[in-house]
Amino acid sequence: MSEKTSDPEKKSRAGRDLPAAIAVGGGLGAAIILILLFAPVLWYVLVTAALAVATWEVTKRLGDAGYKVASWPLLIGGQVVMWISWPYGPSGVLIAFVATVLVSMVWKLLAQGISNAPENYLKDLALTVFVLAWLPLLASFGVHLVTQPDGAARVATLMVVVVCSDVGGYASGVLFGKHPMAPAISPKKSWEGLAGSLVVGTIGAVGCVWLLLDNHWWIGLVLGPVLVVCATLGDLVESQVKRDLGIKDMGTLLPGHGGIMDRLDSLLPSAFVVWAVLTALL
């Protein structure tokens, strides 16, 4: 008599271990809420630590694919780019970013020693600058939020709207998704999912601006759609990077989610959007 076998890793239609993903996501959310309520300064510690791991994940994956980015300038310079936003704001971030680019240029130039010509200099240097801009530069706006007036509420707005966008997109995509948005990049994303993200994300943005930031509700009508579109594009960017590298996830640290970088793909551009929109309109 034959026995029925089942896949030990039960996955949702989104291709993830859904119970593990919910547990990890809930744990991270609870940790962020506690930090914002009782010790907002720890937001810097949490984000910079996460970005250090994410940078390591990305550089390792690139190395496995044969690319040799300037790993140490990325890791050290990336930390400086984020931490310097605390005392000096965006001007300090710009200085640290340019300084890290210059160090990376020299680092890759001399990586083979002064007696040997660099190999794949332009390609590896371009990837180094790309990773520096993609991870620590965008993340610097997210950590800097907490130093602004109502900083904890601004960070909460970022997290809530991104979660609303993800939940709305997931539910709408699973229930109604029939028209792929960009099948060559991310086959599971649909226009119906994007519509769900726009609706739920905008509702979340309006609620956060009105209730958390105690400001004009219409600002949420600006923030919500812009953030949702940027978050979706950020997800697509990482999908294409992983497609180029021939991998499914950047890492394996978070069950049901992949690596740290796989959770930051939509948050990174969203952090800049929240900082820019709220700085301009509040």
- Note on the structure: For A52, the side-chain contact (heavy atoms from CB on, under 4.5 Å) test, sequence neighbours excluded, returns Q79
- Query: Would you say E57 and D249 make side-chain contact, with heavy atoms under 4.5 Å?
  - Reply: no
- Message: Do L158 and L135 land in one hydrophobic cluster if side-chain heavy atoms of ILVMFWY residues count as linked below 4.5 Å?
- Response: yes
- Of all the heavy-atom pairs spanning S71 and T59, show the shortest one and how long it is. OG-CB, 4.1 Å
- Query: Below 4.5 Å, heavy atoms only, C-beta onward: do M181 and T232 meet side chain to side chain?
  - Reply: yes
- Query: Is there a side-chain contact between I260 and L51, using heavy atoms and a 4.5 Å cut-off?
  - Reply: no
- Give a yes or no on whether V228 and V163 share a hydrophobic cluster (residues Ile, Leu, Val, Met, Phe, Trp, Tyr; joining criterion: side-chain heavy atoms under 4.5 Å apart). no
- Message: Hydrophobic cluster membership, with links at side-chain heavy-atom distances under 4.5 Å among I/L/V/M/F/W/Y: are V229 and I185 in one?
- Response: yes
- Heavy-atom side-chain contact between N120 and K68 under 4.5 Å: no
- Task: Using salt bridge (Lys or Arg N to Asp or Glu O under 4.0 Å) as the criterion, list what pairs up with K60, not counting sequence neighbours.
- Result: D64
- To the nearest 0.5 Å, what is the distance between SG (C208) and CD1 (I219)? 12.5 Å
- Message: Tell me the closest heavy-atom pair linking W43 and I35, and the distance in Å.
- Response: N-CG2, 3.6 Å
- Message: Taking Y67 as the starting point, is it possible to reach W72 by hopping between hydrophobic residues whose side chains are less than 4.5 Å apart?
- Response: no
- With distance as the sole test, does S186 use its side chain to make a donor-acceptor pair with the main-chain N or O of L236 at under 3.5 Å? no
- Task: To the nearest 0.5 Å, tell me how far L75 CG sits from T100 OG1.
- Result: 11.0 Å
- Task: For D262 and M250, indicate whether the former's side chain and the latter's backbone hold a donor-acceptor pair under 3.5 Å.
- Result: yes
- Query: side-chain contact (heavy atoms from CB on, under 4.5 Å) between L62 and V131: does it pass, once the steps are laid out?
  - Reply: CA-CA 10 Å; L62 290 171; V131 174; 3.9 Å; yes
- Message: So which atom in V81 and which in V93 form the shortest heavy-atom distance, rounded to 0.1 Å?
- Response: O-CG2, 3.5 Å
- Item | Listed partners of K189 passing salt bridge (Lys or Arg N to Asp or Glu O under 4.0 Å), at least two apart | D235
- Task: Output all residues satisfying ring-ring contact (aromatic ring centres under 6.0 Å, His included) with F130, sequence neighbours left out; order by chain, then residue number.
- Result: W134
- Query: Distance from D124 atom CG to W107 atom CH2, nearest 0.5 Å?
  - Reply: 14.0 Å
- Message: Donor-acceptor check, side chain of S172 to backbone of G169, threshold 3.5 angstrom: yes or no?
- Response: no
- Message: Are the side chains of H144 and P90 in contact, using a 4.5 Å heavy-atom criterion?
- Response: yes
- Item | Side-chain (R154) to main-chain (L145) donor-acceptor, under 3.5 angstrom | no
- Task: Sort out for me which residue in T157, L212, V155, L213 forms a side-chain contact (heavy atoms from CB on, under 4.5 Å) with D150.
- Result: L213
- By ring-ring contact (aromatic ring centres under 6.0 Å, His included) - contacts of Y44 (at least two apart): W83, W86
- Item | Whether S190 side chain and G177 backbone form a donor-acceptor pair below 3.5 Å | no
- Item | S140 (side chain) donor-acceptor with M82 (main chain) under 3.5 angstrom | no
- Message: Quick one, M105 and V101 - any side-chain contact, counting heavy atoms below 4.5 Å?
- Response: yes
- Query: Which distance, rounded to the nearest 0.5 Å, do you find between the CG of L36 and the CG of L42?
  - Reply: 10.0 Å
Residues 265-282 side chain polar contacts: donor-acceptor under 3.5 Å, at least two apart:
{"unit_1": "S270", "atom_1": "OG", "unit_2": "S266", "atom_2": "O", "d": "2.6"}
{"unit_1": "T279", "atom_1": "OG1", "unit_2": "Q148", "atom_2": "NE2", "d": "3.3"}
{"unit_1": "T279", "atom_1": "OG1", "unit_2": "W275", "atom_2": "O", "d": "2.5"}

- Query: Would you say D214 has more than 12 foreign heavy atoms packed within less than 6.0 Å of its CG?
  - Reply: no
- Atom of I84, atom of A96 and distance for their closest heavy-atom approach: CG2-CB, 4.0 Å
- Please examine the side chains of S104 and L125, heavy atoms only from C-beta on, and report whether any two atoms are closer than 4.5 Å. yes
- Item | ILVMFWY cluster, F97 and I95 together (side-chain gap under 4.5 Å) | no
- Task: For A65 and L245, work out which heavy atoms get closest and say how close.
- Result: CB-CD2, 3.5 Å
- Exercise: identify the closest heavy-atom pair between V161 and G204: CG2-C, 4.1 Å
- Query: Is any side-chain heavy atom of K242 less than 4.5 Å from a side-chain heavy atom of K248?
  - Reply: no
- Message: I'd like to know if the side chain of T202 reaches the main chain of V199, judged simply by a donor and an acceptor atom lying under 3.5 Å from each other, with no hydrogens or angles considered.
- Response: no
